[in-house]
Amino acid sequence: MSRYHSYKTIEQLPDLIGQEVTLNGWVSDKTDKGKLCFIKLRDGSGIVQCVAFRPSIGDELFEKAHSLTQESSVSITGTVRSESRAPSGVELDITNINIWQISKDYPISPKEHGTEFLMEHRHLWLRSTRQHAIMRIRSSVVKAIRDFFDGNGFRLMDSPILTPSACEGTSTLFETEYFDLGTAYLSQSGQLYAEASAMALGKVYTFGPTFRAEKSKTRRHLTEFWMVEPEMAYFDLNDDMDVAEDLVEYIVQYVLKTCPKELAAMGRDISKLEAVRRPFYRMSYTEAVDWLNKNNVRLNKKQADGSEIQIDFPWGDDFGAPQEEAIMQQFDKPCIIHRYPTEVKAFYMKRDPDNQKVALAMDMLAPEGAGEIIGGSQREDNYEELLARIQHENLPVDAFQWFLDLRKYGSVPHSGFGLGVERTVKWISGAEHIREVIPFPRMIYRIVP
RNA sequence: UCCGACUUAGCUCAGCUGGUUAGAGCAUCUGACUGUUAAUCAGAGGGUCCGCGGUUCAAGUCCGCGAGUCGGAGCCA
């Protein structure tokens, strides 16, 4: 039998009681009690306590067990035994130990550490229980996303990462030389390409890394993050919101089903996630502004002399994090806010035929302070309207010619959105900082490891 | 870019109004222990008090400049 099939893992142990197995892993902790030695072995699938008792295993094997240090790599052979005193309910009585390497001076002790220290040792921090749980939840979130789209008639159509110009013209992008063709930019969104793809395959999604060179210093921003962007031909804004709700409900319920241990390790309140069932809440931007003003959520405004006054929230301003947080405090599941003022939204969003002042845009806000996880819209499908918006924003028309072509050859109503993978994982896992939910975060002052 | 906070042992921190030789817990090493879950007990080693300059009889402590880190705003997923 191949190693792939014969390799036993810790998560399989409850089905292997009474059998002798060999586990391959790393020592996460060791406790000496004289003639008794407990070794906690970690193999990526779980942790199990292995027991060495000097009188029953002999001096030589006991000394081997005794010599192990934190993060030493070992293969331990032993008999699986049900044990109520062990943390996982299962224990291994050691019959043999093969030491691959004794680890010396492992920097992360089982005690408290600050995040700066831990981020410097991110390549090792990933081995800890909490980070391990987050990464497994992340893996489940990504699986849920792909299952959802693959199972609902969507096709994966990845967008390029190197792009000739800024997609939206608003945020700062990373630049790089591109042979003799001038400057290229790292993509901030695959959306424009997703629109072209949707005209070819109907329902598509792109899934990949995205880059923003903004100097953001908050616990919900990264300079490199993963985004999934579905785009659907013949879908209007309402259809778009339906897809967004279905997707988020599916992701949350999938993680609940597949990651109960990981959520428990995070100390996550499961009932809050169980409540994430359709329908979610929806309100228009205008209703949201009214709600803010009715509930006395005032806006701090700086005056010319530097002093601050509090004013009613003016219709037309974009919501900041404080407004979104205030609105979400009343909700126990996500809320979609739709029909934002045209001026604060991107050029490619279609205006509402019933009210030219607002765009057919929508953002989904997650509860528990998680904030915005989705931004999307129905797209402008009229050639002249789109051209006018590009010119109005002073964007280079030449660079967008291919995008305008989509409005020339069989234009149809279409919609889509982008979901931030890390913000979703942060919300579901209950991690307090976004840098914990991606294996190797990229932030303004950190690119190592 | 703007506002605020922090920087003392490997790690997490205390150190008052400036005043002997710089403190604790954990980690590490040595020893004891048959049930530990962040074990306990006894002992040992471990310091560029972020850097530079200034005030002072005397600076970890006060002042100035610089660096690094963290949080918030804006940008947005």
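Just so it is clear: chains get the letters A, B, ... in the order the sequence lines come, proteins before strands, and each one is counted from 1. Model, not experiment: these values are computed from the prediction.
- OP1 or OP2 of B:rG72 has at least one side-chain nitrogen or oxygen of A:R219 nearer than 4.0 Å.
- Taking atom NZ of residue A:K40 and atom C1' of nucleotide B:rA39, one finds them 10 Å apart after rounding to whole Å.
- Only the C1' atoms considered, B:rG64 is 31 Å distant from B:rU21, to the nearest whole Å.
- Side-chain atoms of A:H221 lie closest to B:rA77 of the nucleotides B:rU37, B:rU69, B:rA77.
- Not one side-chain nitrogen or oxygen of A:K217 sits closer than 4.0 Å to the OP1 or OP2 atom of B:rG72.
- In this structure, of B:rG35, B:rG74, B:rG71, it is B:rG74 that holds the atom nearest to the side chain of A:T218.
- Note: A:F280 and A:F331 fail the aromatic proximity criterion, with ring centroids not under 6.0 Å apart.
- The gap from the P atom of B:rC76 to that of B:rC13 amounts to 35 Å, rounded to the nearest Å.
- OP1 or OP2 of B:rG35 lies within a sub-4.0 Å distance of a side-chain N or O belonging to A:K33.
- A close approach under 4.0 Å does occur between a side-chain nitrogen or oxygen of A:R435 and OP1 or OP2 of B:rG71.
- A:H66 places its NE2 atom 11 Å from the P atom of B:rC33, with the value rounded to the nearest Å.
- Distance CD (A:E372) to P (B:rC75): 11 Å, rounded to an integer number of Å.
- Comparing the same atom, C1', in B:rU37 and in B:rA22 gives a spacing of 35 Å after rounding to whole Å.
- Here B:rC26 sits opposite B:rG10 as a Watson-Crick or G-U wobble pair (both hydrogen-bonding atom distances under 3.5 Å).
- The side chain of A:Y445 approaches B:rU69 more closely than any other nucleotide in the set B:rU69, B:rC33, B:rA77.
- The side chain of A:K35 has B:rU34 as its nearest neighbour among B:rC70, B:rU34, B:rU36.
- Rounded to whole Å, the separation between the C1' atoms of B:rC65 and B:rA27 comes to 37 Å.
- Comparing the C1' positions of B:rG18 and B:rU55 gives a spacing of 12 Å, expressed to the nearest Å.
- At least one side-chain nitrogen or oxygen of A:R220 sits closer than 4.0 Å to the OP1 or OP2 atom of B:rA73.
- Summarising the base pairing, B:rC2 is matched to B:rG72 through a Watson-Crick or G-U wobble pair whose two defining distances lie under 3.5 Å.
- The aromatic rings of A:Y250 and A:F148 sit tilted relative to each other, their planes meeting at an angle between 30° and 60°.
- One atom, CE of A:M443, and another, C1' of B:rU69, lie 11 Å apart when rounded to the nearest Å.
- Under 3.5 Å, the side chain of A:R423 and the base of B:rC76 form at least one donor-acceptor pair of N or O atoms.
- B:rG71 and B:rC29 have their P atoms separated by 33 Å, with the value rounded to a whole Å.
- Atom pair A:I39:CD1 and B:rG35:C1' shows a separation of 14 Å (rounding to whole Å applied).
- In this structure, a donor-acceptor pair under 3.5 Å is absent between the side chains of A:Q101 and A:S73.
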Self-check item: Evaluation steps, side chain to side chain donor-acceptor pair (under 3.5 Å), between A:R122 and A:Q131
Solution: CA-CA 10 Å; A:R122 181 60 173 170; A:Q131 299 307 309; 2.8 Å; yes

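- Comparing the C1' positions of B:rA59 and B:rG19 gives an interatomic distance of 10 Å, to the nearest angstrom.
- For B:rG35, there is no paired nucleotide, since no Watson-Crick or G-U wobble pair has both relevant distances below 3.5 Å.
- Among the protein residues, A:I108 comes within range of no part of the nucleic acid, since none of its heavy atoms lies under 4.0 Å from any strand.
- If you take atom C1' in B:rA39 and the same atom in B:rA32, they sit 14 Å apart, rounded to whole Å.
- No donor-acceptor contact under 3.5 angstrom links the side chains of A:E436 and A:W125, judged on distance only.
- Of the N and O atoms on the side chains of A:E229 and A:Q191, not one donor lies less than 3.5 Å from an acceptor on the other residue.
- Within 4.0 Å (heavy atoms only), A:D105 reaches no atom of the nucleic acid at all.
- In this entry the distance linking CD of A:E71 with C1' of B:rA27 reads 15 Å, nearest Å.
- No hydrogens or angles were tested; on distance alone, nothing pairs the side chain of A:S109 with the base of B:rC11 as donor and acceptor under 3.5 Å.
- Stacking between A:F38 and the base of B:rG35 is absent under the criterion of ring centres within 5.5 Å and planes under 30 degrees.
- Atom P of nucleotide B:rC75 and atom OH of A:Y340 are separated by 12 Å, given to the nearest angstrom.
- Listed nucleotides: B:rU1, B:rC11, B:rG35. Nearest to the side chain of A:R85: B:rG35.
- Within the nucleic acid shown, A:E422 has no heavy atom closer than 4.0 Å to any nucleic acid atom.
- Looking at A:H113, its side chain has no donor and acceptor atom pair within 3.5 Å of the base of B:rC11.
- Distance CZ (A:F207) to P (B:rA77): 16 Å, rounded to an integer number of Å.
- A donor-acceptor pair under 3.5 Å is formed between the side chain of A:N295 and the backbone N or O of A:W291.
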Practice problem: Could you give me the CA-CA distance, side-chain angles and deciding distance for A:N152 and A:Y205, then say whether side chain to side chain donor-acceptor pair (under 3.5 Å) is met? | Solution: CA-CA 11 Å; A:N152 281 289; A:Y205 67 104; over 6 Å; no

